[in-house]
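Naming convention: chains lettered A, B, ... in sequence-line order (proteins, then strands); numbering from 1 in each chain.
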Amino acid sequence: MTSDRFERELLAALRDEAYSAPLLLSAAGLRERVFHQPRRPAAAAIWRVAAAFMIVVALAGLLVAAPRIPALIGPAATAGCQVSTVTRHGSWWEEIGGERAFFHADPTRMYAGPNGWLIHVRFDPAPSAEQRVSMWAQPAGHDDRVEALLGEAVDPGNIYRFDEPAPPLPGAWYLFQQPFPAPGCWAISAAIDGEVAGTAVVEVLPPRHETPPAPSAATPRLPDATPFEIAGSWRLESGVVDGRPIPIVPGHRITLLFDGHRVKGFAGCNSYGADFGTDGRRFQVGQVGMTLIGCAAPVMASETAYLQALGRIGEVGALDGRLVLSGGGAQLTFVRLEEAPLDEIVDRTWVLESLTRDGVTTPAVGDRATIEIRSDGTLAGSTGSRVLTGRYILRGDEILATELRADGDDPPPALARQDEHIVGVIGDGFTAAVQDGQLVLTSTGNVGLVYRPDGGAGVDR
Amino acid sequence: LNDRLVADLRARRPEALDELLDRYGREIHAVAYMVLRNAADAEEVTADTLLTAWRKIDQLRDADRLRPWLLRTATRLALRRRTRSSPLRALPLESAGDVADRASPLITRLALGQALDSLPPRMRAVVALHHVAGLSVAETAEAVGRSQNTVKSQLREALGRLREELADDRSVVSHAPQDEPS
């Protein structure tokens, strides 16, 4: 391609790229922002003065009432959410609610979150086979209902705590998955054919970091994924297309990164990228662009199956801290990737100890080979025969060299393999971990490099 | 046209906002997206830019300068904005395919995106204002608050770096493997 033509193509591609992201802002949305913005400074100043005046008045009132404060606020402040009383049956089964529906739940140990809590509900007397059971939750003081999912009949003989079965109580047992979108005081209710059979009050705590209980395999549909749950970087944990599992080849992991309106990642052998659309439940990937590098047959089979599955996806959901894409006879389950532990790595000189390939370790040879990953986004080091310089960016847990130069004379034959190995690992992108004080870089195909801190134990070459 | 639009903005006519968005929204968004490399942030900057225009239109002396004034505001807001990590917005489903279909045949969006990501935001702003929005070097320099010589050298460096990265790139446009016919 001539230089002029390339430049024309480049400028055209830049314009395409700049206009590639759709603008969703509507005129109505813009007007909403303009006419519902915070007050202008002059008005805000007036409000600030008014607020300050009210605070002064309130403080004065409090001072006057101070002797009576315990009597005024004591009981209510300590009571908080008036949760239902727990009734225990046997050694571990606890219930709240009644009179005809009882919830197996600890009213003070529930947490907010999109996936909801699995709650057994015992209806006594049992509803008939034709009757429909339901459950919902309402925040205290509001009429809005959050309906529970599932509602499946369960056999109490299958409910155990460790090796202790649930006690033999009368009635019929059902399992519900009840979401609590926000912390606070909630009333939970269960009904038969729409008629309330039991109610209880529970205190829902702010979301915790542990994974909320997972729905059973019989869940009719996964909870919708929120942007917060989708955003970030993911690694394929398992996948199925037309009933056949997608093979994942060790050292050739498959990743999915959400970046604005794009998904991108590594399909096992090649990098790929595509636009996507989602409304939190429906999910669609546009045309996929990818590099065309060849790999061994098992890796290509893995990549082909994954990209086939990705093209069929129609829905997204979150399950047990995982991202699940499904549709068209395919399902892809991803686990989240944590970012590279840069704090431990950057702005230090690391000296090469050994090279690894498929679990086989080879000691470094030649002059001291080093790597320095700098916090300003640059790389520097050597292969033992040539000088390395470059730049990098972070992609999920991967450090990706966007520029890499190896300057110097061609390495002598004894060092050529090491030189190629190092340039390959760093140039292809790698994950980094500090293990036992050593920096371990791992790249696609189970190849890696092991470095020690400069000045640490080891033999300087 | 701009005279009437600016007059309507000064008169605080709400329909002027619609016209402002219709006429300049996409271009502002394109420049902001090049700087921020993130569609959701770019949209926020677009809204903030139009909001600023609504509030501060009285500061614009010459109606003919409306477009560069908007682009300069957008660039400054984008450069000031702290990029959030991968925020996600729901997109209309039908947009996904349409967007991808515009991929250049010789330079893949994947490769170009990576190359652009490696440029500093201010350098991307210079490229966007000059090569995408078509502002002159002088207007670009004013928008980013740098001298014309600095802008010229940043343009040269940016294109050189992009050319260097893309020339060696092995990427070609392809399609995901399709299901084999049964």
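Atom-to-atom distance recorded for B:Leu21:CG and A:Leu30:CG is 5.5 Å, nearest 0.5 angstrom. Within the model, atoms CD of B:Glu27 and OH of A:Tyr19 stand 4.5 Å from one another, a figure rounded to the nearest 0.5 Å.
Heavy atoms closer than 4.5 Å to chain A are found in the side chain of B:Asp48, but not in its backbone. Within the 4.5 angstrom heavy-atom criterion, no atom of B:Ile28 approaches chain A.
The nearest pair of heavy atoms linking A:Arg391 to B:Ser118 is NE-O, 4.0 Å. Of all heavy-atom pairs between A:Glu17 and B:Tyr33, the closest is O-CE2, 3.3 Å. Contact detail for A:Leu14 and B:Leu112: the closest heavy-atom pair is N-CD2, 3.9 Å.
A:Arg244 pairs by the salt bridge (charged side-chain N to carboxylate O under 4.0 Å, His left out) definition with nothing, not counting sequence neighbours. For B:Asp8, the salt bridge (charged side-chain N to carboxylate O under 4.0 Å, His left out) test picks out B:Arg4, B:Arg13, with sequence neighbours left out.
The contact list for residues 129-148 of chain B toward chain A, using heavy atoms and a distance under 4.5 Å, reads B:His131, B:Val132 by residue number. For residues 120-128 of chain B, a heavy-atom distance under 4.5 Å to chain A picks out B:Val127, given by residue number.
Each of A:Gly377, A:Ala18, A:Ala305, A:Ala267 has some count of heavy-atom pairs under 4.5 Å with chain B, and the biggest count is that of A:Ala18.
In the displayed structure, A:Arg374 atom CZ is contacted under 6.0 Å by more than 12 heavy atoms of other residues, nucleotides or ligands.
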